[in-house]
Amino acid sequence: MSRGFTLIEIVIYMGLFGLLMGGAVVAANDVFESSGRGGVRAVLGEEGDFILSKINWALRDAARVIEPHALVGCSASSSALIIETQDTRLTIDEVEGSVQVLDGISSSRTINAPDTKVSNLSFLYCAGRDALEWERIEAQFDLTSLGTVGLPVTQSFRRVFYLRAL
């Protein structure tokens, strides 16, 4: 009896080894890609919370909501929020994929990071029908950022802000 492997056995073993290694590479790539998407989602969550906190900051001292305008109920929706405080007029609007805060008529600030794009920014103003119903602003928008492999990751945000008596 001769010892060793035949050429056919070696080819079969090499093929099986290649399949196993190919599967391992694909699985490892999926793990790295999903962890990268998870990191981007975490960053988008922080960015969205920051934008919502800036909207809350603007509404904290609101004396009057100019836009969107609602007399009664939740009938008014707008892509911009314009409020008057005791000192100035603030406008929050989406401009070329960024959220801009315009203070009065002179200074404008972008409040989102440059690597995130904002879309579908909208505000809904619900005026109280009587003294028991609170006035509120509902803000919503989508944030998009590129993941580690260049694929876009999008997350939606929505929050309701109850207003103090205006």
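Note that the structure is predicted; figures quoted are calculated from it, not measured.
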**Student:** Check whether I111 and I83 end up in the same hydrophobic cluster, where Ile, Leu, Val, Met, Phe, Trp and Tyr are linked by side-chain heavy atoms less than 4.5 Å apart.
**Tutor:** yes

**Student:** Of all residues at least two apart in sequence or in a different chain, which pass the ring pair (Phe, Tyr, Trp, His ring centres under 6.0 Å) check with F157?
**Tutor:** F141

**Student:** Tell me every residue that passes side-chain contact (heavy atoms from CB on, under 4.5 Å) with S79, counting only those two or more places apart in sequence or in another chain.
**Tutor:** D93

**Student:** List in chain and number order the residues that pass ring pair (Phe, Tyr, Trp, His ring centres under 6.0 Å) with F123, two or more places apart in sequence or in another chain; answer none if no residue qualifies.
**Tutor:** none

**Student:** T116: what forms a side-chain contact (heavy atoms from CB on, under 4.5 Å) with it, not counting sequence neighbours?
**Tutor:** L44, E47, N112, A113, L143, S145

**Student:** Looking at residues at least two apart in the chain, or sitting in another chain, which of them share a salt bridge (Lys or Arg N to Asp or Glu O under 4.0 Å) with D49?
**Tutor:** R159

**Student:** Side-chain heavy atoms under 4.5 Å apart, restricted to Ile/Leu/Val/Met/Phe/Trp/Tyr: what other residues fall into the cluster of V95, or is it alone?
**Tutor:** none

**Student:** Going by the rule side-chain contact (heavy atoms from CB on, under 4.5 Å), which residues pair with I8 if we only count those two or more places apart in sequence or in a different chain?
**Tutor:** T6, I12

**Student:** Only counting residues at least two apart or in another chain, list the ones meeting side-chain contact (heavy atoms from CB on, under 4.5 Å) with R109.
**Tutor:** W57, V101, D103, S107

**Student:** For the residue pair C126 and E138, establish whether any side-chain heavy-atom pair is separated by less than 4.5 Å.
**Tutor:** yes

**Student:** Test of understanding: with side-chain hydrogen bond (donor to acceptor under 3.5 Å, both in side chains), list the residues that count as partners of T85, not counting sequence neighbours.
**Tutor:** none

**Student:** Applying side-chain hydrogen bond (donor to acceptor under 3.5 Å, both in side chains), can you list everything that pairs with S78, at least two apart in sequence or on another chain?
**Tutor:** E67

**Student:** In the hydrophobic clustering that connects Ile, Leu, Val, Met, Phe, Trp and Tyr at side-chain heavy-atom distances below 4.5 Å, which members other than I82 occupy its cluster, ordered by chain and number?
**Tutor:** I66

**Student:** Looking at CG of L81 and CG of L59, how far apart are the two atoms once the value is rounded to the nearest 0.5 Å?
**Tutor:** 5.5 Å

**Student:** Using the side-chain hydrogen bond (donor to acceptor under 3.5 Å, both in side chains) criterion, which residues pair with S156? Sequence neighbours excluded.
**Tutor:** D142

**Student:** Can you tell me how far CZ of R158 sits from CG of L124, rounded to the nearest 0.5 angstrom?
**Tutor:** 8.5 Å

